[in-house]
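Treat the numbers as computed from the prediction; the structure is a model and nothing was measured. All heavy atoms count here, side chains included; hydrogens, waters and symmetry mates do not.
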Amino acid sequence: MLLFPAIDLKEGKAVRLLQGRMEDSTVYSDNPVDLAKSFESQGAEYLHIVDLNGAFTGKPVNDEMIRRIVGSVALKIQIGGGIRTMERITELIELGVERVILGTIAVKKPELVAEAARRYGNRVIVGIDAKEGLVAVQGWAETTEMKAIDLGKAMKIMGVQSVVFTDIARDGMLQGPNIESTVQLARETGLSVIASGGISTLADLQNLQAEAIKGVSIEGAITGKALYSGAFTLREALEAAHFIPHDGENGNGREGHVK
C-alpha cells in the first residue's frame, strides 16, 4: 500500500483544516519546500498536495509554491484543488506532476473527466469527498444529492481507474478513517481507492493494509495531521503501510513484517 504524506497549501503555507473549514486552519510550515524535502529524506516516494485556495475559488492560487516543490524533490506528486479545465490538467502534467486529482468537475463536467482519462490514463484520478455518504464539491462548501458510490460507478464508466476517497467528517479530526466506507467504495465500483481523512494511529494504516492484503483495491493512504502532530513518524507510517499481519493478528499493534 502506498503512503502519501500530505501538504495542504493556503496562501503559500502548509496548513491543515478541520473538516475542510478554511477559517479553521493551523499553519504547520511557512516553507512547504523544506517540508517536502524532509518527507523525501525520511523515505517518502510520493506526495499529496492540495491547493486549498484553488479548491474554493476554482482558480490556481499557489502555483509558484507548487513549481518550487516539484522542482526541489524527486517525489511522485499528485495534486488536487481547483483543477477544472483540460488546459489546467495539461499544464500541471507538463510541469512534472505525476497525477492530477479532479473533484468538482467530476460532478459538474463529467465529460471533461472522460476526455482527460482518455488523454492521460491513470495520471488523472478523481477525488470523491463525502459527507454522510453524499458527495461534496467546491472545496467541500457545497453538498450534493449524489451518493459517493454512484459517483464512483459513473467515474469507472468514464475510464477513471483510481480515486481518493475522503470522509469529510473524519478529516483533520484524528478519529480514524472510515474504513468500512472505503472498502465498500472499492468493492462496489471496481475502482482503486486511496484512503484519506482521519488517520490518527499506525493501527489505522495497518488495518487499511490488511484490507489490501485481503484483495480489496486499496491503493494507498494519505496522512497529514497525524504526522504534523507527532502521532507517529513518517518512517513508522511507511512501515505500517507495508505491514503484513501474523496469522490471527488484526493489525492493531506497532509490530509486523515489512515487505
Side-chain angles (χ1 to χ4, degrees), residues 1-22 24-56 62 65-66 68-70 72-73 75-83 92 97-103 125-129 139-140 162-168 170-178 182 193-202 204-205 208 218-238 240-241:
M1 186 176 77
L2 306 179
L3 185 79
F4 298 82
I7 296 178
D8 290 359
L9 296 174
K10 180 184 178 185
E11 295 159 8
K13 299 178 181 180
V15 308
R16 293 301 293 170
L17 308 184
L18 286 180
Q19 299 180 327
R21 296 189 295 268
M22 284 289 272
D24 201 351
S25 64
T26 301
V27 176
Y28 283 106
S29 175
D30 291 326
N31 193 333
V33 172
D34 286 347
L35 190 57
K37 288 180 177 178
S38 174
F39 289 152
E40 186 175 40
S41 70
Q42 293 176 69
E45 297 180 52
Y46 301 87
L47 180 64
H48 177 83
I49 297 177
V50 177
D51 180 347
L52 292 172
N53 301 105
F56 278 86
N62 291 286
M65 182 55 66
I66 291 167
R68 288 176 56 196
I69 294 172
V70 171
S72 299
V73 295
L75 298 169
K76 295 177 181 178
I77 297 172
Q78 62 182 30
I79 183 165
I83 304 171
L92 288 167
V97 170
E98 181 73 14
R99 296 199 294 192
V100 296
I101 306 166
L102 308 180
I125 64 179
V126 165
I128 297 180
D129 306 323
W140 302 351
S162 301
V163 296
V164 175
F165 174 66
T166 306
D167 183 332
I168 296 170
R170 308 288 184 105
D171 189 70
M173 302 302 289
L174 297 179
Q175 295 177 347
N178 191 332
T182 302
V193 180
I194 299 171
S196 175
I199 290 172
S200 59
T201 67
L202 295 177
D204 292 333
L205 293 169
L208 284 166
I218 296 178
E219 178 180 334
I222 296 167
T223 181
K225 188 172 182 179
L227 283 176
Y228 296 123
S229 67
F232 46 71
T233 68
L234 180 55
R235 291 187 187 279
E236 287 176 326
L238 288 165

Open item on the list: Can you tell me how far apart OG (Ser41) and CG (Asp34) are? Round to the nearest 0.5 Å.
Closed with: 10.5 Å
Open item on the list: Is the shortest side-chain heavy-atom distance between Leu2 and Ile194 below 4.5 Å?
Closed with: no
Open item on the list: Please report the interatomic distance OH(Tyr46) to CG(Leu238), rounded to the nearest 0.5 Å.
Closed with: 11.0 Å
Task: Least distance between heavy atoms, Met1 atom then Ala241 atom - done: CB-O, 3.3 Å
Task: Partner of Val15 under side-chain contact (heavy atoms from CB on, under 4.5 Å), chosen from Val50, Leu52, Leu9, Thr26 - done: Leu52
Task: Note, Ile101 side chain near Ile83 side chain (heavy atom, < 4.5 Å) - done: no
TODO: Return the orientation label for the Phe4 and His48 ring planes: parallel under 30°, perpendicular over 60°, tilted otherwise.
DONE: perpendicular
Open item on the list: When you compare the side chain of Asn31 with that of Arg68, does any pair of heavy atoms fall below 4.5 Å?
Closed with: yes
TODO: Evaluate the side-chain proximity of Ile7 to Tyr228: yes if any heavy-atom separation is below 4.5 Å, no if none is.
DONE: yes
- [ ] Search all heavy atoms of Thr182 against all heavy atoms of Val193 and return the closest pair with its distance.
- [x] CG2-CG1, 3.8 Å
Task: Nearest non-hydrogen partners of Gly224 and Ala6, listed with the distance - done: CA-CB, 4.2 Å
Task: Closest approach of Ile199 to Ala226 (non-hydrogen atoms, all atoms of both residues) - done: O-CB, 3.3 Å
Open item on the list: Is it the case that the side chain of Thr166 and the backbone of Ile168 share a donor-acceptor pair, with hydrogens and angles ignored and the cut-off at 3.5 Å?
Closed with: no
- [ ] Keeping the roles fixed (side chain from Asp51, backbone from Gly81), state whether a donor-acceptor pair exists under 3.5 Å.
- [x] no
Open item on the list: Surrounding NZ of Lys10 (heavy atoms of other residues, nucleotides or ligands, distance under 6.0 Å), is the total greater than 12?
Closed with: yes
Task: Separation of Ile77 CD1 from Ile66 CD1 (nearest 0.5 Å) - done: 9.0 Å
Open item on the list: Counting C-beta onward and ignoring hydrogens, is there a side-chain heavy-atom pair between Ile222 and Gln78 closer than 4.5 Å?
Closed with: yes
TODO: Determine the minimum heavy-atom distance between Leu208 and Pro177, stating which atoms define it.
DONE: CD1-CG, 4.3 Å
TODO: Kindly compute the distance separating OG1 (Thr201) from CZ (Phe232), expressed to the nearest 0.5 Å.
DONE: 7.0 Å
Task: Evaluation steps, side-chain contact (heavy atoms from CB on, under 4.5 Å), between Met65 and Ile49 - done: CA-CA 11 Å; Met65 182 55 66; Ile49 297 177; over 6 Å; no
Task: Minimum side-chain heavy-atom gap Ser229-Arg16 below 4.5 Å - done: no
Open item on the list: Do Leu47 and Ile69 make a side-chain contact, defined as non-hydrogen atoms from C-beta onward lying under 4.5 Å apart?
Closed with: yes
TODO: Please tell me if the side chains of Leu227 and Phe39 come closer than 4.5 Å, counting only heavy atoms from C-beta onward.
DONE: yes
- [ ] State, to 0.1 Å, how close Ala14 and Pro32 come at their nearest heavy-atom pair, and which atoms those are.
- [x] N-CG, 3.7 Å
